[in-house]
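Comments concern the structure below.
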Amino acid sequence: MVAITAPSSIEQIPLVQCPRANGGQQAGAAIPCVDLSAPGAAAAVADACRSVGFFRATNHGVPARVVEALEARAMAFFALPTQEKLDMSGAARQMGYGSKSIGSNGDVGWLEYLLLSVSANTVKISSLPPSLRMALEEYTAAVREVCGRVLELIAEGLGVDRSLLRAMVVGREGSDELVRVNHYPPCPLPPPVDCGVTGFGEHTDPQIISVLRSNRTAGLQIKLRDGRWVPVPPAPDSFFVNVGDALQVLTNGRFKSVKHRVVVPEGAQSRLSVIYFGGPAPSQRIAPLPQVMRDGEQSLYREFTWAEYKTAMYKTRLADHRLGPFELRATATNRPPPPSADPHCNGSGTCC
Ligand SMILES: O=C(O)CCC(=O)C(=O)O
Ligand SMILES: [Fe+2]
């Protein structure tokens, strides 16, 4: 085990209530799984984004060796003394190495991480060990393609131009792509019954989508629409896709960004996760896509730029409802349609 040597100790990390009764196969069944190469993938992706805001993606085309190389290099990095990690990557004010503190507004979790900007195929921290940097660049190039493919499928499922969403992130000059590598060491103290130690507190991801992959260690949980938290069984050969806040706005609330959190693993295994966040360029205007709106449907959000949203987000805590200040009041007549009334949806939950 690699100890975390930051100032605060495990006693200062908040506990979360996590009933174990939710676990196992039942939880796995709540998480849609989409074969990205299957003929019905666009409908399945749109359905998953509408009903859960989260799904497991298989047949993604990322070679196992690319994933394994990054996992090995990242674990070697996290095993280094804290000062070396800080010297190589800088302390995460916004980008770099961080331990326990997430952001600057008091959120803490039992983890350490590297947060990197990865636009245009380069990891913008040149002092990282070259082997880690190369592994990150290769991984990012492959996962960016997964992001692009998923954005095409989402667009197709929404019935809009296939390249519309992809073009906001992939290959767009100045798009805001980030990679976070999270390392959750095993918990040194057993938490009280039915509780877990916070690894990463509950939040939604702000971007359009995020593409996550973890090792075999559990810990990720998502909140279903009925309010239940369910564990996400680890699937190291798959990727998990989260709907982010920006996609919620672009679809005028048809897709909802998914609340998720990480509870520190019990037992001797560390959790290692890598998340690619697909964000647009700072000047990108975020507002419901006219192509998805029904006649007479009103926007539920005021228009904003991605830069504006990020500035607002940096002033909040993880669990805050960060879209709140951008919401417009909906009346019964201007709300987006329920799935069955949506012209792009056949009402059975499968979109055409
Ligand atoms: O580490 C994980 O599995 C999820 C972390 C997460 O949600 C994030 O970094 O945004
Ligand atoms: Fe997240």
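First listed ligand is number 1; within each ligand, the first listed atom is number 1.
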**Asked** When you look for protein heavy atoms under 4.0 Å from ligand 1, which residues do they belong to?
**Response** Arg180, Asn182, Tyr184, Phe200, His203, Asp205, Leu212, His260, Val262, Arg271, Ser273, Ile275, Phe277

**Message:** Exactly one of Lys100, Arg261, Arg317 should register a salt bridge (Lys or Arg N to Asp or Glu O under 4.0 Å) with Asp107. Which one does?
**Reply:** Arg317

**Prompt:** What do you reckon, is CE of Met313 surrounded by more than 12 foreign heavy atoms closer than 6.0 Å?
**Reply:** yes

**Salt bridge Arg149-Glu145, side-chain N to carboxylate O under 4.0 Å** = no

**Message:** Among residues at least two apart in sequence or on other chains, which ones pass ring pair (Phe, Tyr, Trp, His ring centres under 6.0 Å) with Phe54?
**Reply:** Phe240

**Prompt:** Considering residues at least two apart in sequence or located in another chain, which fulfil the side chain to side chain contact (heavy atoms under 4.5 Å, CB included) criterion with Ser210?
**Reply:** Asp205, Asn242, Ile275, Phe277

**Message:** Same cluster or not: Val16 versus Trp229, using hydrophobic residues (I, L, V, M, F, W, Y) connected whenever any side-chain heavy atoms lie under 4.5 Å apart?
**Reply:** no

**Prompt:** Any luck finding a side-chain donor-acceptor pair between Arg56 and Ser238 under 3.5 Å?
**Reply:** yes

**Prompt:** Does a side chain donor of either Gln284 or Arg172 reach within less than 3.5 Å of an acceptor in the other side chain?
**Reply:** yes

**Request:** Would you please indicate if the ring centroids of Phe326 and Phe304 are separated by under 6.0 Å?
**Result:** yes

**Prompt:** Taking the Fe ion (ligand 2) as the center, what protein N, O or S atoms are found at less than 2.8 Å?
**Reply:** His203 NE2, Asp205 OD1, His260 NE2

